[in-house]
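Fair warning: this is a prediction, and the values are worked out from it, not measured in the lab. Just the heavy atoms: all of them, side chains too, but no hydrogens, waters or symmetry mates, feed the values below. Note that ligands are numbered from 1 as they come in the structure, with each ligand's atoms numbered from 1 the same way.
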Amino acid sequence: MSDEEQDIVLAELSDEELTLQMHDDLYDGLKEEIEEGVNILLGRGWQPYDVLTKALVEGMRVVGIDFRDGILFVPEVLLAANAMKGGMAILKPLLAATGAPRMGRMVIGTVKGDIHDIGKNLVTMMMEGAGFEVHDLGINNPVENYLEALAEQETDILGMSALLTTTMPYMKVVIDTMIEQGIRDEYVVMVGGAPLNEEFAKAIGADAYCRDAAVAVETATDFMTRKHNQMSA
Ligand code: B1M
């Protein structure tokens, strides 16, 4: 660590400086500093969602750009991901403690061959905060995992995440298997992940593409409201 870095006292920075410093700290994989930064912003009255999006997700966006451009490599990105998870762990109970009424149940997982889980975890946190019960299957899920989890309990929504262009086609494998088994129409299928878009979601037969966790919550809430209205009509 350089002298300059040692001299930085996070609590003395303005909100804007601190947010920029947190982007740097995330880039450098400094978990403790990220946790401290999150706590400082919360202590200053920031909403957990703003801390998440403005300090953490934005920092990870920069990491993604330099990873793509070959400036950062897997070990460094793993450290950044670890720091991000440290910050998310502090925010998780706050995002979940909204006291929202129970909305519905969702099964979510990252598809087979793909181990990216930060975005999925974020969706899980936000969905729980909005009152959904979420069964998170984790990463690298073959179709069987999704089907078993859907059959376990009455479920409303299936969510799938993929971050690689090589793994996103697997979402179609899951949807096609659901069609073959005659269960596709029993669920709302929502998909997300950086390389996806509306067109892809439509082409594979998903009900909705969710650009981010906030859109996932909005979309799921909208579907559940319509479902309840249909049932009571
Ligand atoms: Co990887 N990786 N990675 N990586 N990684 C990407 C995805 C990549 C775009 C980087 C790049 O080149 N710029 C690139 C993919 C290129 C492509 O396919 N076109 C890539 C690559 C190539 C790889 C490896 C192949 C690298 C290698 O080994 N040479 C390898 C693959 C491993 C595998 O999965 N088999 C790999 C490995 C890794 C790490 C393990 C080092 C690490 C993952 C750690 C972890 O997740 N625990 C990692 C990371 C961190 C990234 C980047 C930098 C960041 C991803 C992230 O966490 N973003 C990523 C670059 C990028 O995406 N720009 C990259 C923050 C997160 C909040 O956003 O995940 O998009 P995101 O989630 C958002 C939305 O997409 C949406 O909501 C979320 C929250 O708002 N969303 C959903 C996501 N899932 C959803 C599900 C829903 C709804 C919404 O369901 C309803």
Decide whether an N or O pair under 3.5 Å exists between D212 and ligand 1.
no
So for M126, does at least one of its heavy atoms come nearer than 4.0 angstrom to any atom of ligand 1?
no
Which option, G119, A81, G113, owns the non-hydrogen atom nearest atom 66 (C) of ligand 1?
G119
More than 12 foreign heavy atoms under 6.0 Å from CZ of R44: is that the case here?
yes
May I ask whether atom 16 (C) of ligand 1 is less than 4.0 Å from at least one protein heavy atom?
no
Distance col, row E36:CD vs M22:CE, nearest 0.5 angstrom, shows 9.5 Å
Does any non-hydrogen side-chain atom of V63 lie less than 4.5 Å from one of V77?
yes
List for me each residue that meets salt bridge (Lys or Arg N to Asp or Glu O under 4.0 Å) alongside K112, sequence neighbours excluded, and say none if there are none.
none
Only heavy atoms of L78, strictly under 4.0 Å: list the atoms of ligand 1 that pass.
40 (C), 41 (C)
Atom pair NZ (K54) and CD (Q47), whose distance is rounded to the nearest 0.5 Å
10.0 Å
Give the contacting part of M160 toward ligand 1: side chain, backbone, both or neither, where contact means a heavy-atom distance below 4.0 Å.
backbone
How far is atom 84 (N) of ligand 1 from its nearest protein heavy atom, and which residue and atom name does that atom have?
S161 OG, 2.7 Å
Heavy-atom closest contact (Y209 atom, L196 atom, distance):
OH-O, 3.4 Å
For D114, the ligand 1 atoms with a heavy-atom partner under 4.0 Å come out as 34 (O)
Looking at residues at least two apart in the chain, or sitting in another chain, which of them share a salt bridge (Lys or Arg N to Asp or Glu O under 4.0 Å) with R61?
E58
Which atom names give the shortest non-hydrogen contact between L41 and V51, and what distance separates them?
CB-CG2, 4.0 Å
For atom 46 (O) of ligand 1, what's the nearest protein heavy atom and its distance?
D117 N, 2.8 Å
Give yes or no for whether the N/O distance cutoff of 3.5 Å, strictly under, is met between T165 and ligand 1.
yes
contact_flag R211 ligand 1 heavy-atom lt 4.0 Å
yes
I need the nearest protein heavy-atom contact for atom 32 (C) of ligand 1: residue, atom name and distance, please.
I115 CG1, 3.7 Å
Quick check for you: to the nearest 0.5 Å, what is the distance between N140 atom CG and D114 atom CG?
8.0 Å
Where is the tightest heavy-atom contact between R184 and G205, given as atom of each residue plus distance?
NH2-O, 2.9 Å
Name the closest protein heavy atom to atom 79 (C) of ligand 1, giving the residue it belongs to and the distance to 0.1 Å.
A213 N, 3.7 Å
Assess, by modelled atom type and distance only, whether the side chains of D25 and Q21 contain a donor and an acceptor separated by less than 3.5 Å.
yes
Is there side-chain contact between I118 and M88, with at least one heavy-atom pair below 4.5 Å?
yes
List ligand 1 atoms under 4.0 Å from C210, heavy atoms only on the residue side.
88 (C), 89 (C)
Any non-hydrogen protein atom below 4.0 Å of atom 87 (C) of ligand 1?
yes
Heavy-atom contacts with A194 under 4.0 Å: which atoms of ligand 1 show up? List them by number with element.
62 (O), 70 (O), 75 (O)
Say you draw a straight line from CD1 of I34 to CG of L26; how long is it, rounded to the nearest 0.5 Å?
4.5 Å
Any protein heavy atom sitting closer than 4.0 Å to atom 8 (C) of ligand 1?
no
Separation of T124 OG1 from H135 NE2 (nearest 0.5 Å):
10.5 Å
Validation row: M178, L158 side chains within 4.5 angstrom (heavy atoms)
yes
Kindly compute the distance separating CG (L52) from CH2 (W46), expressed to the nearest 0.5 Å.
11.5 Å
The atoms of ligand 1 lying under 4.0 Å from a heavy atom of V123, numbered in the order shown, are 77 (O), 82 (C), 85 (C), 88 (C), 89 (C)
So which protein heavy atom does atom 13 (N) of ligand 1 come closest to, and at what separation?
R68 CB, 2.8 Å
List ligand 1 atoms under 4.0 Å from M190, heavy atoms only on the residue side.
90 (O), 91 (C)
Y187 versus D207, side-chain donor and acceptor atoms under 3.5 Å:
no
G193 near ligand 1 by a heavy-atom separation under 4.0 Å:
yes
Identify which of E58, M60, M171 has a heavy atom lying nearest to atom 65 (C) of ligand 1.
M60
Protein heavy atoms near atom 59 (C) of ligand 1, is at least one of them under 4.0 angstrom away?
no
Can you list the ligand 1 atoms lying under 4.0 Å from a non-hydrogen atom of L122?
67 (C), 79 (C)
Looking only at heavy atoms, what is the nearest atom pair of V123 and A216, with distance?
CG1-CB, 4.0 Å
Taking only non-hydrogen atoms of K85 and a 4.0 Å limit, the atoms of ligand 1 in range are 47 (N)
Protein-side N, O or S atoms sitting under 2.8 Å from atom 1 (Co) of ligand 1 are H116 NE2
Nearest neighbour in protein (non-hydrogen) for atom 57 (O) of ligand 1
I118 CB, 3.3 Å
Under the salt bridge (Lys or Arg N to Asp or Glu O under 4.0 Å) test, which residues partner D176, sequence neighbours left out?
K172
Looking at atom 91 (C) of ligand 1, tell me if a protein heavy atom falls under 4.0 Å from it.
yes
